[in-house]
Amino acid sequence: MSFPFDRFIVAALLVVCLLLAGRAWLREHPGYDPWTPLSLEEQPGWATPRKLSALRADRGLCRAFLDRSGIDKTALAPTGSDSCRRDDRKVLAAPAAAEIRLSPSRPEATCAVDAGLAWWLRHGVQPQAEAIFGSRVVRIEQLGTYNCRRIGNGTKGNWSEHATGNAIDISGFVLADGRRLSVRKDWKGSVEAAAFLHAVRDSACNAFSTVLSPDYNAAHADHLHLDQANRTAGWRACR
């Protein structure tokens, strides 16, 4: 009569051992653990996109991520009004933390944009630059973050994410060895340059809600548009 009970005990012990082993594995692979707070050191896993998406919806989570990553989280006072009010505003500090300069310097955007830049630079831009060119990116050229306008610059339609500083347009990259890569000139340029620009576009899709490139339309022929639109369904646009 004790045999079924013994089997139950053994099975229960096996389940406990499996759970403990699984938890230990998740601790070593936080990219697959949805309960571990996102860290810049985390190697990407299936849970990482969900964690990045959560930063767009929760400013507290976003600032905590910047703090854990050693990135200045200091917020600026809200400014603007109506559809162009910027109540989430800070100087982008992630590039400086990655020893990269933005040109023009010190643009203002949302916490989510800064967090996306931090992740993209660490896990996308620098690895691709080193793999393809054997040199790191030291400067990123940008066309702006804030512009109180609608999509397409029209008088009707949805407001652009630029209207609230929730986007940044990247036009070029400068390497430590002096080489400059321009989205306009190099998107279909040399094999190496084009491969780098396409690779960093693709990697940006993991860090941002929307990524638009020259492959999207003529309006984006000279830059990569990166924004952190907080969509309720959590879907991303990568073109």
Side-chain angles (χ1 to χ4, degrees), residues 30-78 86-102 105-129 137 139-140 142-146 160-170 173 200-212 223-238:
Y32 298 89
D33 184 358
W35 298 283
T36 299
L38 183 66
S39 164
L40 196 54
E41 303 300 324
E42 177 179 306
Q43 290 303 307
W46 69 262
T48 304
R50 182 178 176 183
K51 296 181 188 180
L52 286 166
S53 178
L55 303 185
R56 301 173 195 134
D58 191 321
R59 204 173 303 173
L61 282 179
C62 183
R63 289 174 179 167
F65 167 75
L66 294 182
D67 200 28
R68 283 193 300 273
S69 304
I71 299 168
D72 184 10
K73 64 179 181 181
T74 305
L76 301 173
R86 291 182 289 159
D87 60 358
D88 180 1
R89 187 169 69 103
K90 70 184 300 296
V91 174
L92 294 181
E99 298 183 337
I100 292 176
R101 292 184 294 113
L102 283 178
S105 63
R106 297 180 62 79
E108 298 173 4
T110 61
C111 178
V113 168
D114 213 9
L117 280 175
W119 187 265
W120 182 50
L121 295 175
R122 171 67 66 87
H123 296 281
V125 173
Q126 294 296 23
Q128 291 296 333
V137 170
R139 187 171 83 243
I140 292 180
Q142 56 92 17
L143 302 178
T145 56
Y146 170 69
S160 167
E161 291 297 316
H162 282 289
T164 53
N166 198 30
I168 185 169
D169 291 339
I170 305 296
F173 304 81
V200 298
R201 185 273 311 273
D202 293 346
S203 63
C205 297
N206 297 320
F208 291 90
S209 178
T210 309
V211 177
L212 303 178
H223 68 277
L224 303 177
H225 167 91
L226 315 175
D227 77 45
Q228 294 289 37
N230 182 26
R231 302 185 179 96
T232 54
W235 61 273
R236 294 173 291 166
C238 182

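Only a predicted model underlies this, so the values are computations on that prediction, with no experimental measurement involved.
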How long is the gap from [atom1] on [X] to [atom2] on [Y], to the nearest 0.5 Å?
X    : Y    : atom1 : atom2 : answer
L224 : I140 : CG    : CD1   : 10.0 Å
T164 : R86  : OG1   : CZ    : 9.0 Å
F208 : Q228 : CZ    : CD    : 5.5 Å
K51  : T36  : NZ    : OG1   : 5.0 Å
L121 : S203 : CG    : OG    : 9.5 Å
T48  : W119 : OG1   : CH2   : 5.0 Å

Heavy-atom donor-acceptor pair, [X] side chain to [Y] backbone, under 3.5 Å:
X   : Y    : result
R56 : A229 : no
D67 : K73  : no
S69 : I71  : no
S53 : R50  : no

Of all heavy-atom pairs between [X] and [Y], which one has the smallest distance, and what is that distance?
X    : Y    : result
A115 : L55  : CB-CD1, 3.9 Å
L40  : H123 : O-NE2, 2.9 Å
A204 : L226 : CB-CD2, 3.9 Å
A167 : H225 : CB-CE1, 3.7 Å
L52  : A207 : CD1-CA, 4.1 Å
H162 : I168 : CE1-N, 4.0 Å

**Message:** Using the side chain to side chain contact (heavy atoms under 4.5 Å, CB included) criterion, which residues pair with N206? Sequence neighbours excluded.
**Reply:**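 Scan of N206 (side chain to side chain contact (heavy atoms under 4.5 Å, CB included), adjacent residues dropped) gives R236.
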**Message:** Let's go through I170 and Q142 carefully: what are the C-alpha distance in whole Å and the side-chain angles of both, what is the deciding distance for side-chain contact (heavy atoms from CB on, under 4.5 Å) to 0.1 Å, and is it a yes or a no?
**Reply:** CA-CA 4 Å; I170 305 296; Q142 56 92 17; 4.1 Å; yes
**Prompt:** Got a sec, which residues hit side-chain hydrogen bond (donor to acceptor under 3.5 Å, both in side chains) with D114, two or more places apart in sequence or on another chain?
**Reply:** K90
**Prompt:** Which is it for T210 and E161 under the side-chain contact (heavy atoms from CB on, under 4.5 Å) test, yes or no, and what are the steps along the way?
**Reply:** CA-CA 10 Å; T210 309; E161 291 297 316; 5.9 Å; no
**Asked** Is a side-chain donor-acceptor pair under 3.5 Å present for D72 with T74?
**Response**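 Side-chain D/A pair, T74 to D72: present.
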**Asked** When you look at CZ of R68, are more than 12 heavy atoms from neighbouring residues, nucleotides or ligands closer to it than 6.0 Å?
**Response**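 Yes, the 6.0 Å shell around CZ holds more than 12 heavy atoms from other groups.
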**T145 vs V113, side-chain contact (heavy atoms from CB on, under 4.5 Å): CA-CA, chis, key distance, verdict** = CA-CA 9 Å; T145 56; V113 168; 5.7 Å; no
**Heavy-atom check, side chain of Q128 versus side chain of V137, under 4.5 Å** =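 Result no, sub-4.5 Å side-chain heavy-atom pair not found.
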Cut-off 3.5 Å, no hydrogens considered: what does the side-chain donor-acceptor table look like for residues 57-66, sequence neighbours left out?
unit_1: D58; atom_1: OD1; unit_2: G60; atom_2: N; d: 2.9
unit_1: D58; atom_1: OD1; unit_2: L61; atom_2: N; d: 3.1
unit_1: R59; atom_1: NH1; unit_2: D87; atom_2: O; d: 3.0

